[in-house]
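Here is the structure we will look at, set down as structure tokens.
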Amino acid sequence: MTLLTTWPEAGPETVVRRTSEPAEIAAALAPIGVRYEQWPVREDVPADADSDTVFAAYRAEIDKLNAEEGFQTVDVVALHPPKDAADGADPEWPAKAAAARQKFLAEHTHDDDDEVRFFVAGAGIFYLHVAGEVHAVYCEKGDLLGVPRGTTHWFDMGTSPAFTAIRFFHEEDGWIGTFTGSPIAERFPDFDEIHSGYAA
């Protein structure tokens, strides 16, 4: 289930909005140009499915969005703990997870492309910093979020990332971020804090 939390950019002491209603989330994000919608969930697609399986399952939705938006590149990105991680069988996993998370944690923009993601499995949070507010959009399986180019934002997948997402690009170069240098992300609850509170 998705969750939208909005705070003033000064900090999270005051909650402007908190809702898990999809229609309310879409309505709140539309004025800042952010696309939010839900696609049917394919329960027969495993969380760690390969790209071919994901593309086959969501081909109709992918083709429809491509026809509407003219994307040049579509790929699948996935990050999941190894199944035997509890046994310590992959000592490199914590470092891999931390490096992947760190890449997106600081506020940035994309100057030449939108950032459009559909969550096939797992969860992640997009933080959108627009017009004096910060909107934290907790996305889960079935959620599609489109962040317009030039929008200041950051993304947190948590200390133990577990998600599969379809990414859409207008440009063939893929993900290119321009970092603002602002420490604003450090002032707001991270994925782990929001996830644990939401699950409680």
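Values in this document were obtained by computation on a predicted structure and should not be read as measured data.
Note: Thr178 OG1 to His110 NE2 = 8.5 Å, rounded to the nearest 0.5 Å. Ile125 contributes atom CD1, which lies 4.0 Å from atom CD1 of Ile194 (distance to the nearest 0.5 angstrom). Going from atom OG1 of Thr2 over to atom CZ of Phe119 covers 9.5 Å, rounded to the nearest 0.5 Å. Atom SG of Cys139 sits about 8.5 Å away from atom CG of Leu144, to the nearest 0.5 Å. In this structure, the separation between OG1 on Thr5 and CZ on Phe188 is 11.5 Å, given to the nearest 0.5 Å. In this structure, CD on Gln72 lies 13.5 Å from CZ on Phe168, to the nearest 0.5 angstrom.
At least one side-chain heavy atom of Phe126 sits under 4.5 Å from a side-chain heavy atom of Glu115. At a threshold of 4.5 Å between non-hydrogen side-chain atoms, the residues Arg17 and Glu24 do not count as touching. Looking only at side-chain heavy atoms (C-beta outward), Leu128 and Leu29 come within less than 4.5 Å of each other. The closest side-chain heavy-atom distance from Phe104 to Asp156 is not below 4.5 Å. With contacts defined as side-chain heavy-atom distances shorter than 4.5 Å, the pair Ile166/Asp75 does not qualify. Residues Val34 and Leu145 are in side-chain contact: their nearest non-hydrogen atoms beyond the backbone lie under 4.5 Å apart. Here the side chains of His129 and Tyr127 are not in contact, with every heavy-atom distance at 4.5 Å or above. Side-chain contact between Ile32 and Thr151 is absent, with no heavy atoms from C-beta onward closer than 4.5 Å.
Connection of Phe71 to Val76 is established within a shared hydrophobic cluster, with ILVMFWY side chains joined at heavy-atom distances below 4.5 Å, either directly or through further cluster members. In the hydrophobic clustering of ILVMFWY residues, with side-chain heavy atoms under 4.5 Å counting as a link, Leu65 and Val45 come out together. Val137 and Val77 fall within a single hydrophobic cluster, where Ile, Leu, Val, Met, Phe, Trp and Tyr side chains are chained together by heavy-atom contacts under 4.5 Å. Following chains of ILVMFWY side-chain contacts shorter than 4.5 Å, one cannot reach Leu105 starting from Phe155, and the two form parts of different hydrophobic clusters.
Checked for salt-bridge contact, Arg167 and Asp113 miss the test: no charged N lies under 4.0 Å from a carboxylate O. In summary, Arg59 and Glu61 do not engage in a salt bridge, as defined by a charged side-chain N under 4.0 Å from a carboxylate O. With respect to Asp111 and Arg149, no salt bridge is recorded, no charged nitrogen being found less than 4.0 Å from a carboxylate O. Taking the charged nitrogens against the carboxylate oxygens, Arg35 and Glu68 do have a contact shorter than 4.0 Å, which makes a salt bridge.
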Worked verdict on His195 versus Asp192 for side chain to side chain contact (heavy atoms under 4.5 Å, CB included): CA-CA 5 Å; His195 178 78; Asp192 292 346; 5.6 Å; no

Evaluation steps, side chain to side chain donor-acceptor pair (under 3.5 Å), between His153 and Glu107: CA-CA 5 Å; His153 67 284; Glu107 184 184 67; over 6 Å; no

Residues Val134, Thr6; criterion side chain to side chain contact (heavy atoms under 4.5 Å, CB included); working and verdict: CA-CA 6 Å; Val134 172; Thr6 302; over 6 Å; no

Test log, rule side chain to side chain contact (heavy atoms under 4.5 Å, CB included), inputs Trp39 and Phe118: CA-CA 8 Å; Trp39 288 0; Phe118 170 70; 3.5 Å; yes

Candidate pair Phe55 and Val74, rule side chain to side chain contact (heavy atoms under 4.5 Å, CB included), full reasoning: CA-CA 9 Å; Phe55 283 136; Val74 182; 3.7 Å; yes

CA sep, side-chain torsions, deciding dist, call: His108, Thr152, side chain to side chain donor-acceptor pair (under 3.5 Å): CA-CA 5 Å; His108 59 277; Thr152 48; over 6 Å; no

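Closest non-hydrogen pair, Lys141 versus Ala121, comes out as CB-CA, 4.2 Å. When all heavy atoms of Trp154 and Ala106 are compared, the closest pair comes out as CB-O, 3.6 Å. Across every non-hydrogen atom of Phe179 and Lys103, the tightest pair is CZ-O, 3.5 Å. Taking both residues in full, the closest heavy atoms of Leu4 and Ala28 are given as CD2-CB, 3.7 Å, listed atom of the first, atom of the second, then distance. Of all non-hydrogen atoms in Gly70 and His170, the two that sit nearest each other are O-CD2, 3.7 Å. Nearest approach of Trp7 to Thr14, heavy atoms of both residues: CD1-O, 3.3 Å.
Between Tyr138 and Phe191, the distance separating the two ring centers is shorter than 6.0 angstrom.
Remark: the Tyr36 side chain and the Asp143 side chain contain an N/O donor-acceptor pair separated by less than 3.5 Å.
Between the Thr73 side chain and the Phe169 main chain, no donor and acceptor come within less than 3.5 Å of each other. Judged purely by atom type and a 3.5 angstrom limit, Glu193 uses its side chain to pair as donor or acceptor with the backbone of Asp190.
Within the cation-pi definition used here (under 6.0 Å to the ring centroid, within 45° of the axis), Arg42 qualifies as a partner of Tyr58.
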